[in-house]
Visitor: 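Attaching a single structure in structure tokens format; questions to follow.
We count ligands from 1, going down the list as the structure has it; atoms in each ligand are counted the same way.
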Amino acid sequence: VTALDSGILVLTGGTGGAKLVRGLERALGGAALGVIVNTGDDLTCWGLRVSPDIDSVTYALADLLSRERGWGIEGDTFQCLDQMRRLGAPAWFQLGDRDLALHLTRTELLREGKTLTETTAEIAKAFGISARILPMSDDAVETRVLTTEGELSFQEYFVRERFRPQVKSVRFIGAENATPAPGVLAGIASAAAVVIAPSNPITSIGPILAVPGIRDALRWTDAPVIAVSPIVAGAAVSGPAGDLMKAAGLPVSLEGIALAYADFLDVLVADSQDVGAHVSDSQIELLFTDTIMRTDDDKLRLAQFIIAVAMDRHRKVMVG
Ligand code: FO1
């Protein structure tokens, strides 16, 4: 990886992104990996501060992530949840018994006055993670989903209502006054390559891009920007990305992903099932490989493909 000394920087949210981050870490080593994570899904549950997308990346890199659920800890139990339910607390958002330790730690560190960036780094260090995990911002940004049944927080829409209500629009409260977390803009500027994970473009990557300065940094960086499509054969690999893209006026296709990132994207990596598809923007190079990550080998193979693309592009930038 000598050509990628300055490392790969991933923008991610959700569970598909966490899987790719794990693959990249196995392929590159943590020292060459930085991750900028969506915090628009964050919530307070039972008085605890929960950052689901930071949790998923942290658990993926610590090799603790539940393979079955895609979130939380593998093999966790839910006895505290059962007890909370008996006490009349809301129990639709499931915090596992072992998972609670992370949220207790985060809440305590934040209460002591540490920033989310510091808190995230401290927890990552305790797990022995060498990759750099950065929240998109230390400021509160809250994703709100306006549906035909009223406005919901992201977790109310996604987990409690299982993304059944029809979406009208999405907004990110606080985004316009938020600043990127320390290291975010510099990381984008100095990366050897920036990777947009196969995450929901509206509610996982959208909040990151809504923090003033981040989108411009992606436009201006010399690093190639490579996205992996979360849309395969005209539908989301998982979750409500299709419905949310439709609500944002985007087609649910590779074209829709290309449009969402048109102002900064260099390469779109799409699934082999879509071979033959095109995007109308001739500035975007479309490449095909198997992108569905079921096993650890799938994650590693996709990561290696992306690294090869990054090295190829990086060399072109270096040569001019
Ligand atoms: N996802 C669910 O579908 N149901 C849950 O009960 C749930 C609990 C949960 C607790 C901690 C955590 O870090 C993540 C959790 N998730 C749960 C996942 C989370 O809702 C999503 O992965 C993201 O917000 C989507 O980006």
Visitor: Look up atom OG in S204 and atom CG in N38, then write down how far apart they are to the nearest 0.5 Å.
Guide: 5.5 Å
Visitor: Which atoms of ligand 1 sit under 4.0 Å from any heavy atom of Q94?
Guide: 5 (C), 6 (O), 8 (C), 9 (C), 10 (C)
Visitor: Using a plain distance cutoff, I'd like to know if S56 has any nitrogen or oxygen under 3.5 Å from a nitrogen or oxygen of ligand 1.
Guide: no
Visitor: Salt-bridged, D290 to R294, with N to O below 4.0 Å?
Guide: no
Visitor: What is the minimum heavy-atom distance between M293 and P198, and which atoms define it?
Guide: CE-CG, 3.9 Å
Visitor: With a sphere of 6.0 Å drawn around CD of Q166, does it hold more than 12 non-hydrogen atoms of other residues, nucleotides or ligands?
Guide: no
Visitor: Using a strict cut-off of 4.0 Å, indicate which atoms of ligand 1 neighbour a heavy atom of F158.
Guide: 20 (O), 21 (C)
Visitor: Would you say the side chains of S280 and E255 form a donor-acceptor pair under 3.5 Å?
Guide: yes
Visitor: May I ask you to list the atoms of ligand 1 that are less than 4.0 angstrom from any heavy atom of W92?
Guide: 6 (O)
Visitor: Around W220, counting heavy atoms of other residues, nucleotides and ligands shown, do more than 12 lie under 6.0 Å from its CH2?
Guide: no
Visitor: Identify the closest protein heavy atom to atom 25 (C) of ligand 1: which residue and atom is it, and at what distance?
Guide: D41 OD2, 3.4 Å
Visitor: Side chain, backbone, both or neither: which applies to Q155 and ligand 1 if a contact is any heavy-atom pair less than 4.0 Å apart?
Guide: side chain
Visitor: Distance to 0.1 Å, residue and atom name: give those for the protein heavy atom nearest to atom 22 (O) of ligand 1.
Guide: T15 CG2, 3.9 Å
Visitor: Considering the heavy atoms of D53, write down every atom of ligand 1 situated less than 4.0 Å from one of them.
Guide: 23 (C), 24 (O), 25 (C), 26 (O)
Visitor: Enumerate the atoms of ligand 1 whose separation from the nearest heavy atom of D55 is less than 4.0 angstrom.
Guide: 12 (C), 13 (O)
Visitor: Could you list the atoms of ligand 1 found under 4.0 angstrom from a heavy atom of D99?
Guide: 11 (C)
Visitor: Do E161 and R164 meet the salt-bridge criterion of a basic N to acidic O distance under 4.0 Å?
Guide: no
Visitor: Could you list which atoms of ligand 1 come closer than 4.0 Å to a heavy atom of L95?
Guide: 10 (C), 11 (C)
Visitor: Thinking salt bridges, do D63 and R22 make one under a 4.0 Å N-O criterion?
Guide: yes
